[in-house]
Every structure is written in C-alpha cells, then in structure tokens.
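The block underneath contains the structure these notes are about, expressed in structure tokens.
Predicted, not measured: the structure shown is a model, and the values here were computed from it. All chains are named by letter (A, B, ...) in the order of the sequence lines, taking the proteins before the strands, and each is independently numbered beginning at 1.
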There are 2 protein chains.
Amino acid sequence: MTKPITNARALPIGAASRLAGVNIETIRYYERIGLLARPERTAGGNRVYDEAAVARLGFIRRCRELGFSIDEIRELLSMVDRRDYSCAEVHRLTVAHHRSIMGRVAALQRMAAVLDGMASQCDRGDLPDCPIIEALQDDRRPAGGRP
Amino acid sequence: MTKPITNARALPIGAASRLAGVNIETIRYYERIGLLARPERTAGGNRVYDEAAVARLGFIRRCRELGFSIDEIRELLSMVDRRDYSCAEVHRLTVAHHRSIMGRVAALQRMAAVLDGMASQCDRGDLPDCPIIEALQDDRRPAGGRP
DNA sequence: CTACAATCTGTAGCCACTACAGAAGCAAGG
DNA sequence: CCTTGCTTCTGTAGTGGCTACAGATTGTAG
C-alpha cells in the first residue's frame with residue numbers, strides 16, 4: 001500500500017495504464033466486465049483514476065501473470081474487498097490453481113515426449129516416407145502413446 | 001450394436017465422427033475452415049464420408065492431441081497432399097512445435113514456483129493479513145519473481 | 001405411414017483480450 | 001481565440017478452436 005508514486009491523484013487512463021502495466025483497452029475491458037469499478041470522469045467524459053485504482057489494476061495484472069482466470073481474480077478481489085477474508089480461503093484457491101497448472105504442465109510434457117520421440121526417429125533426409133507423418137497417420141500407433 | 005466396420009464405404013457424419021473420434025460439430029467446423037474437403041452428399045443433402053476422410057480426420061485429431069495449431073496442421077496436410085514433401089520440412093515443423101511447447105511448460109513452471117512459494121508462506125490460519133494477498137498486492141515484490 | 005433418430009443450416013457463445021473507425025476531449029503554442 | 005496534435009471516447013468485430021443451441025429436414029425401422 002505504500003506507493004512512492006508522488007502526488008498523482010488524478011490520472012487519465014494512459015497514465016494509469018503505464019503505471020499499472022495494463023493496456024488501456026484492457027482497463028476498459030475490465031470495467032465492462034465489472035472487475036474494476038467505474039471511475040470518475042472529467043467534465044468531458046474522460047476516465048480519471050487514482051492510486052487505489054492503479055493498485056487494483058496491479059493486483060489484477062499480477063494475478064493474471066500467475067495464470068489466475070478472471071473469475072478466480074473476481075473471487076480474490078471480493079475476498080479482499082470484504083476485508084474479513086480468511087487466509088484458508090485464499091490458500092485453497094491458490095493451491096487449487098497450482099494443481100491445475102501442474103496438470104497442464106503434465107499434459108504438455110506428455111505431448112513433448114511424443115514429439116521428441118517422433119522427431120528422433122526422423123533422420124531428416126529426403127525420404128518420401130517421413131516417420132513423423134507415418135506416426136501421425138497410423139491409428140494403430142496412436143500419437144499420444146496412450147494405453 | 002457395435003458393428004465391425006469392415007467394408008464401410010459410405011459413412012454418414014455420425015459414423016465418421018465415432019470412427020475418427022472427432023465431434024460432429026467439429027467435423028463440420030473443419031469443413032467450414034477448409035481443413036477438410038467438402039464431402040459427397042446424399043440426394044437429401046446429408047454428408048457422406050469414406051475411409052480416406054476418416055483417416056484424414058484421425059490425422060487431424062492426433063495432431064491436435066499433440067498441440068499442433070490448425071494452421072500447422074494445414075501445413076502438414078498440404079505436405080502430405082503434395083506427396084513429395086521432404087522429411088526435413090516435417091522435422092523442422094515438429095521441432096519448432098516441440099520448442100514452443102517447452103516454452104509454455106517453462107512459463108507454467110515459473111508460475112507454479114511462485115504460487116508454491118506464496119502458498120507455503122501461508123499458515124492457513126484465520127489471519128486477516130494473508131501472506132498470499134500481501135504478495136499479490138505488493139508491487140515491490142513482483143509476483144512473477146522475474147529478474 | 002408413422003415414429004423417432006440423425007442430420008441440416010445458421011447463429012451465438014466461450015475466454016481474455018486486441019484492433020480498429022470515427023468522433024470528441026485536452027494541453028500547449030501562437 | 002484558434003490551431004495543432006496527442007489522447008481518449010464509444011462501439012463493434014476479430015482472434016482460436018471449438019461447442020451449443022434452434023428450428024427445419026432427411027433417413028430408417030417397424
């Protein structure tokens with residue numbers, strides 16, 4: 001919460017975007033889907049943000065960088081907003097997300113192993129019968145190598 | 001009734017779908033985007049497939065299972081269709097795809113490491129100041145832990 | 001012939017943005 | 001005040017790779 005952003009109280013969307021590291025279009029998108037409150041406006045109708053909004057955007061960005069979905073972030077934010085969230089809730093969400101990432105890693109690694117096996121059978125010559133293509137065509141030798 | 005599809009020459013879309021392991025809607029989608037040739041039709045207008053089409057669908061499915069994009073599959077199919085594709089081309093595509101998968105794995109593993117670190121700091125008590133939330137809020141301790 | 005299943009076309013939705021078009025606001029210099 | 005030039009506005013459409021309908025038609029077994 002201690003931010004060394006000097007005296008910037010009224011930031012137009014471009015400044016908020018740069019400070020938070022979130023695209024202008026994305027900020028408007030977050031507002032549209034209700035992830036971010038509608039900000040004040042200038043007399044002419046331009047959005048005006050304050051440090052709190054920039055901090056919230058930073059929170060969202062960091063969550064996204066960690067792969068949380070918008071709905072998960074919505075949940076995290078609502079916990080924060082309640083102010084009486086329990087650590088256990090947050091922990092549960094984080095661990096569940098961690099598990100799902102590990103699942104994706106495992107799936108990708110299975111793919112990579114098959115690809116590696118196929119590529120290593122290929123001698124990169126000018127054969128008309130590429131082992132890779134053969135492996136992909138043959139359904140008795142399933143590409144996934146699954147049981 | 002599991003019919004042994006020995007001499008099935010004229011398959012309606014449902015049978016092709018079951019044989020190839022590709023959804024009916026997906027088959028029509030592949031046709032729409034030009035990945036699959038438009039098949040013959042019955043007098044009434046229903047699609048009719050043959051074994052070659054089913055084999056092609058199987059090829060596509062196996063490529064998808066290995067994470068190839070539609071455009072990559074389009075390229076692979078065009079090589080196969082040319083009949084004089086070189087093994088080197090196929091190998092290059094496969095290796096490039098492998099590399100991109102490894103990149104995604106690395107990115108996910110970085111996320112997982114940060115999540116793991118955050119979760120392990122949390123004692124799951126009923127603290128109002130959850131270390132996970134703190135980490136997500138604090139922009140001097142970037143969640144990504146990136147150098 | 002009559003059920004009932006399968007298939008048809010076309011459209012809209014998913015996720016999390018991104019990319020415009022065309023209009024209007026805003027700040028500085030003259 | 002006026003122009004210049006950047007920024008921001010709204011609204012819509014596109015991305016990838018499907019999936020899910022609605023409402024109509026076709027195919028088929030009894």
### Query
Between B/R62 and B/E65, is there a salt bridge with N-O shorter than 4.0 Å?
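No, no charged N to carboxylate O under 4.0 Å.
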Take the protein atom [atom1] of [X] and the nucleotide atom [atom2] of [N], then report the distance between them rounded to whole Å.
| X | N | atom1 | atom2 | result |
| --- | --- | --- | --- | --- |
| B/I27 | C/dA6 | CD1 | P | 15 Å |
| B/R61 | D/dC18 | CZ | C1' | 16 Å |
| B/I24 | D/dA20 | CD1 | C1' | 13 Å |
| B/E25 | C/dG10 | CD | P | 14 Å |
| B/I60 | D/dG17 | CD1 | P | 12 Å |
| B/Y29 | D/dG16 | OH | P | 8 Å |
| B/L36 | D/dG17 | CG | C1' | 15 Å |
| B/E31 | C/dC8 | CD | P | 9 Å |

State whether [X] places a side-chain N or O below 4.0 Å from either non-bridging phosphate oxygen (OP1 or OP2) of [N].
| X | N | answer |
| --- | --- | --- |
| B/T26 | D/dG17 | no |
| B/N46 | C/dA6 | no |
| A/Y30 | C/dA16 | no |
| A/R28 | D/dC9 | yes |
| A/R41 | D/dT10 | yes |
| B/N23 | D/dT19 | yes |
| B/T42 | D/dG27 | yes |

### Step-by-step side chain to side chain contact (heavy atoms under 4.5 Å, CB included) determination, A/R28 to A/I13
CA-CA 9 Å; A/R28 288 196 285 249; A/I13 197 168; 3.7 Å; yes
Give [X] one of three labels, base, sugar-phosphate or nothing, depending on what nucleic acid heavy atoms sit under 4.0 Å from its own.
| X | result |
| --- | --- |
| B/R64 | sugar-phosphate |
| B/I33 | nothing |
| A/R47 | sugar-phosphate |

### Task
Go through the steps to decide whether A/R56 and A/D81 satisfy the test side chain to side chain contact (heavy atoms under 4.5 Å, CB included), and finish with yes or no.
CA-CA 11 Å; A/R56 200 177 179 86; A/D81 290 344; 2.8 Å; yes
### Query
Would you find a donor on one side and an acceptor on the other, under 3.5 Å apart, between the side chain of A/H97 and the backbone of B/L115?
no
### Message
Run the side chain to side chain contact (heavy atoms under 4.5 Å, CB included) test on A/L19 and A/Y49 for me, step by step, so that the C-alpha distance in whole Å, both residues' side-chain angles and the decisive distance to 0.1 Å come before the verdict.
### Response
CA-CA 11 Å; A/L19 286 171; A/Y49 296 93; over 6 Å; no
### First encountered from the 5' end of DNA chain C, between A/G45 and A/F68
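It is A/F68 whose nearest nucleotide is closer to the 5' end.
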Residues 31-39 of chain A, side-chain donor-acceptor partners within the protein, below 3.5 Å, at least two apart:
residue	atom	partner	partner atom	Å
A/E31	OE1	A/R47	NE	2.7

### Query
Relative to the 5' end of DNA chain D, which residue comes earlier, A/V48 or B/R32, by the nucleotide with the nearest heavy atom?
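Looking at DNA chain D, the more 5' nearest nucleotide goes with A/V48.
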### Message
Judged by each residue's nearest nucleotide on DNA chain D, which is more toward the 5′ side, B/G44 or A/I13?
### Response
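Looking at DNA chain D, the more 5' nearest nucleotide goes with A/I13.
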